[in-house]
Every structure is written in structure tokens, then in C-alpha cells.
Protein chains: 2
Amino acid sequence: MNRRALDPGGSSSDSDDLRPSPLPLYQQVKRHLVQRVLAGEWKPGLSLPSEQKLAQEYKLSQGTVRKAIEEMAQEGLVSRRAGRGTFVTSHSGNYEPFRFHRLFDNEGRRIATDAVSFVRVEDKHIHARAAAGLELDHSAPGTECVRLRHLEDEPVLVEQIVLGARLTPNIAPALERERPPSIYQLLERDYNLLVTRVVERARARGATHEEADLLNIAEGTPVLEVERVAYSLGGEPVEWRIMVGETSKIHYLQTSD
Amino acid sequence: MNRRALDPGGSSSDSDDLRPSPLPLYQQVKRHLVQRVLAGEWKPGLSLPSEQKLAQEYKLSQGTVRKAIEEMAQEGLVSRRAGRGTFVTSHSGNYEPFRFHRLFDNEGRRIATDAVSFVRVEDKHIHARAAAGLELDHSAPGTECVRLRHLEDEPVLVEQIVLGARLTPNIAPALERERPPSIYQLLERDYNLLVTRVVERARARGATHEEADLLNIAEGTPVLEVERVAYSLGGEPVEWRIMVGETSKIHYLQTSD
DNA sequence: CAGTGGTCTAGACCACATC
DNA sequence: ATGTGGTCTAGACCACTGA
């Protein structure tokens, strides 16, 4: 194991592998490739070098590089197609743009494709709950966005989205101007942040006055509240959001594996 | 004793490949191994033959068998430990007994370990909603069980569990007698049914009179309702359940990948 | 100690996509 | 025709487990 062309050279300092079990080569390759994707060396939607090329570059066998890329593909970071190549996952492309949306109507359609209307976008201090999710100091600067999703012209879901200014500075104008149905496309295009993992917590409670007003229901009506933290490829929390809806027409769907 | 129960057609013998792309060998091996596990050839908690043995048996290379087993492990069907072997996943053993429970208290503990009290167990016709989930005819025979989970001596979750009599005949006595915290252990031990996949739908609504009574809350209080269908290794729906709880102390947690 | 899974290599042939 | 990923082989060495 002397090849060791692997060294990010940047932030990390793992040139002293004296641990009894150093990270397997394919894991080192994977970590290195992830960093290169993160750094923007290969843009979303475009292809990585072939296994052969990478194997030559790292001076490893093709099988080792293959295993690294296979894990990346399994995590949804890249997608592979025989005869074509390996492509960086893109929310902008047609590759599963709304894969994190688990709210469906009763006919099994995703609540994401229909009309979305923006209620407000404003820069403000992050409230305590979002700050906790984003692992930020209380009242750090950020942007808050409230919007509404519809189903057959009826409002069914209120979303409050909070983004920290550190990772996504000055995002409000783009949100106001473009009102994109997928925030994650924007994060990818403008900030090179690829959301690869989300954690969601669901609760039931009564609708607040504002929610009742927006959803056209009575205050106190039982609603489902889904709180989400979205993490970037690097593992940093980049977005906090809360989704609230009355569940006679929609539900939250989860399938194991 | 089976040599080449699979059918790849060899390298140069009569290659009557009708299909343009026959299933890869490792997929055939996987399917065959899954069947053998299903048939009870290796009991849950005990080990499969080693990769070497299986490779010899199937007359394939170790790498091919390895790939089959790796996929089985990824699906949670077996678990592998270096130096020990490959073991059939067991709910009875200590291998992730409550891995499908996604309800947690606010300190991150699973709502499954504390006391469970049974309200009633009875054989009866399956109600329409459960029948739909279990893919059974309306009012097919079955067993219904209502129980209560506690958190620090307070009731926090009502569960109604419905099982069809076709797959799990005469299960009521065992439920009454043992009142097991994990139904899936019982299904595995007494019916050779291994639950490997669940689909859950969450909604918010007001508590019914009975639920309010059991949970010690007011009727109409917003509660989270999680409806679950559990599928066996063979893909058949074996259990329908609904879990209802007030969510000031608990929540539903979901992590992508 | 012998046996297990985990890693790694260096080849081979294939189906497929693109030019 | 060329290059891609997908499959498959037949070895090798390692760390870990258990007797």
C-alpha cells in the first residue's frame, strides 16, 4: 500500500496513517472524489472521468475505484449508466428533482409539482428553533421564506423555510425573483451546495391563526407538522424548514429501504 | 447437493439465450439464497455456509456469491461479521429488534422499550381499511389486537394491530398469553414470517373518544396517526397496524438513506 | 491455529451508447 | 469502431474470530 497519491492537500491532514486499521483504499478514493465533486471539478449533470482513467490517475486497480464510485452512486451522489458514464447528480437535471418530498395526495401523487405561491421572503435573524436545527448561534443572520403549495387550486401546505446567511448569503433576491419550486436547485446552481440527506420529524398539532388563514381552515384544526433539516454533501446543515398541512387530502409516506 | 440449480448456459455449450439479457448470475444466486432462507433451511440467528462453500456448491467464483450475499445484507436480510460468518437476520436475536419503530421521545429514545399493556385481543372479521392494506377481501377472518405503549408510566401511544387468518392462523392465544413487545418476533418464531419492509403513512386528526380515554387526553386533541403495512420476505403483506399518539412528548423521525 | 469476511489486483468478456 | 459501465473469474493478503 504505497500508492498513496491520495492526499487532498487542502484541509485534511491524514498523511500519518498509523492506526491499526487505516481506511480502506476505496474509502479514501471515495472521500477524495467527493471532495472533488464538492469543489466543483465536475459540474452537476456532467460526467466524471471513466473508471479506467481514475484508476490510472490514482494508480489503483479498476475494481477499487469501481467500489468507491458504486458507494457514491448508492448514496445518490452520482448516477451511472452503462455505455455512457458516471454523472454528478443534479437537482436541476431530470434526475429525481423532488426525491425528498414525502408528502403525497390520496391518489399517490407528490405534493410538489403543482402551483406554489410565495407569501413572503425576508432577511431576518433566525429564530431559536431553526437555529437549533441549523446548528447556528441564536439569532444569527439569515433568510426566511414562507410559501404555499396547492392541490387542484386549493392550498394544502404551508412551508416556512429558513436559510443561514453564512452558507447562502444574499439569497433573498433570487428567491423573490425566481420563486423556484425547488430551493435545492437554487442552492446547487448559486452556492454549489448539493443536498444529499434530510432528517424529518413529524408531529400533530392545532393550526395556528396564520396557518388556518392561509390554508382556509379553522384555527386549531389538527394539522401535520413536518420539520426538516437538509444537509449538504459535506454534511453541513444548510436549510431548515417546516411544512404544515391538514391531512384529509394529503399524507406523509415513508417506505423502508 | 444441488449443482448448478441455476441456469446460465455455460460458456460455450448450447447457448439458447432467448432473452436478450438474462438475469446476472449473482442475482440468480441471490434469489435462490433468499428462497432457501424463506424455506427455513437456515434459521434466523444462525449462520449461512461460508462464501467458499456456497461458491463450490454453485460452481461459481467466490466474488459472484459475495455480491449476492452483499445485496442480501444491504436489504437487512442477513448480517455479516468478519471472522464469524453470515447470519440470518432475526428479530428474536439482538439484531435491531425494533428497527422499524420510528417513533421517538424528545430525548431521542425509541418508543418501544418501555412497558406495553394489552387492551384486548380478539378474532374478528377484518375491517375495510385493514383489509385494503393487507390486500384481503372485505371482512376476511383475522385477529385484532389493541395495546398501549407507555413513557415514564404515562400512556403515549395506542396501537391497533390487524393480522389476517390466512397467513397467521390462531395467533390470538399466543398474543394473549405472551403479550410480546415485538409482534414480529412472534411471526418469525411461530409462522416463519420475516418482516423485511414496511410502508407507513402519517396523518394528523382529532383523537376519538376511545383514544382520548386510553391516552388520558381530551377528545378531539390533535394526534398523529401512523398507518403501517408490514411485508414479509416474500413480499406479502402480513400485518396492518395503526399507531396513534399525542405528539407533545413524542414524534415521528425519518432520516433519508 | 484454521476459518471467516474485507480488501485488492489484473485480467476477461459482454451489452450498450455514441460517433 | 471505440469507449463505457456491468459482470465474472481466480487468485492474493489482511484482520478478526473462535476453538
Side-chain angles (χ1 to χ4, degrees), chain A residues 1-6 17-33 42 45-74 77-89 95, chain B residues 4 6-13 15-33 42 46-74 77-89 95:
Chain A
M1 49 146 106
N2 211 0
R3 278 67 181 233
R4 209 54 57 112
L6 298 174
D17 268 335
L18 291 180
R19 291 174 302 170
S21 64
L23 211 55
L25 281 176
Y26 77 91
Q27 289 282 5
Q28 298 181 41
V29 172
K30 178 186 166 193
R31 189 157 39 156
H32 199 246
L33 287 175
W42 309 293
L46 300 182
S47 68
L48 271 64
S50 71
E51 294 177 357
Q52 274 300 346
K53 294 260 182 62
L54 288 171
Q56 286 172 15
E57 181 183 337
Y58 286 115
K59 295 190 196 304
L60 295 170
S61 82
Q62 186 175 352
T64 302
V65 173
R66 166 180 294 274
K67 194 157 183 184
I69 300 178
E70 267 172 356
E71 282 205 359
M72 292 166 72
Q74 205 142 27
L77 211 155
V78 298
S79 87
R80 327 190 74 196
R81 271 184 289 176
R84 303 222 26 218
T86 302
F87 302 83
V88 179
T89 293
Y95 186 72
Chain B
R4 197 63 70 112
L6 312 172
D7 165 42
S11 52
S12 64
S13 59
S15 56
D16 47 343
D17 269 338
L18 299 179
R19 289 173 304 172
S21 64
L23 209 57
L25 280 177
Y26 77 91
Q27 289 282 3
Q28 297 181 42
V29 171
K30 178 187 167 192
R31 188 153 47 151
H32 199 247
L33 288 175
W42 308 294
L46 300 183
S47 68
L48 270 63
S50 70
E51 293 178 357
Q52 273 300 347
K53 295 260 182 64
L54 288 171
Q56 285 171 15
E57 182 183 338
Y58 286 114
K59 296 191 195 304
L60 294 170
S61 82
Q62 186 175 352
T64 302
V65 173
R66 167 180 293 273
K67 193 158 182 182
I69 300 178
E70 266 172 356
E71 282 204 0
M72 292 166 71
Q74 205 142 27
L77 211 155
V78 298
S79 87
R80 327 190 75 196
R81 271 184 287 176
R84 301 218 33 213
T86 302
F87 301 83
V88 179
T89 294
Y95 186 71

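Note that the structure is a prediction, hence the values are computed from the model and not measured. Order of the sequence lines sets the chain letters (A, B, ...), proteins ahead of strands, with each chain counted from 1.
Taking atom CG of residue A:L25 and atom C1' of nucleotide C:dA10, one finds them 15 Å apart after rounding to whole Å. Nucleotide D:dC8 holds its C1' atom 13 Å from the CD atom of B:Q28, rounded to whole Å. The nearest whole Å value for the distance from the CZ atom in A:R80 to the C1' atom in C:dC16 is 14 Å. Computed from coordinates, the B:K59 NZ to D:dT9 P distance equals 13 Å when rounded to whole Å. Rounded to an integer number of Å, the gap from CG of A:L54 to P of D:dG3 is 16 Å. In this structure, the CD atom of A:E51 is 14 Å from the C1' atom of C:dA10, given to the nearest Å. The distance between atom CG of B:L60 and atom C1' of D:dT7, rounded to the nearest whole Å, is 12 Å. One interatomic measurement links the two molecules: NZ of A:K30 to C1' of C:dC8, which rounds to 18 Å at whole-angstrom precision.
For C:dT7, the OP1/OP2 oxygens have a side-chain nitrogen or oxygen of A:Y26 closer than 4.0 Å. OP1 or OP2 of C:dG5 lies within a sub-4.0 Å distance of a side-chain N or O belonging to B:T86. OP1 and OP2 of D:dG5 both lie 4.0 Å or more from every side-chain N or O belonging to A:R84. When the side-chain nitrogen and oxygen atoms of B:S50 are compared with OP1 and OP2 of C:dT4, one or more of them lie within a distance under 4.0 Å. The side chain of A:T64 contributes an N or O atom lying less than 4.0 Å from OP1 or OP2 of C:dT9. Checking the phosphate oxygens (OP1, OP2) of D:dC8, no side-chain nitrogen or oxygen of B:K67 falls inside 4.0 Å.
Using a 4.0 Å heavy-atom criterion, one finds that A:R66 contacts the bases of the nucleic acid, with or without backbone contacts as well.
DNA chain D contains the following stems of three or more consecutive Watson-Crick or G-U pairs, with both distances under 3.5 Å: C:1-18 with D:1-18.
Listed for the B:E51 side chain is no donor-acceptor partner under 3.5 Å among the backbone atoms of B:V65.
Residue-to-nucleotide proximity on DNA chain C shows that, of A:A82 and A:Q27, the 5′-proximal contact is made by A:Q27.
For B:E71, the salt bridge (Lys or Arg N to Asp or Glu O under 4.0 Å) criterion is met by B:K30, not counting sequence neighbours. In this structure, B:K67 has no salt bridge (Lys or Arg N to Asp or Glu O under 4.0 Å) partners at least two apart in sequence or on a different chain.
When all heavy atoms are compared, the tightest approach of A:V78 to A:V88 is CG1-CA, 4.1 Å. The two residues B:S47 and B:W42 make their nearest non-hydrogen contact at O-CD1, 4.1 Å. Closest of all the heavy-atom pairs between B:A68 and B:V29 is CB-CG1, 3.8 Å.
When distances are taken from the side chain of A:S61 to each of C:dG5, C:dC8, D:dT17, the shortest belongs to C:dC8.
With rounding to the nearest 0.5 angstrom, the OG1 atom of A:T64 is 11.0 Å from the CZ atom of A:R66.
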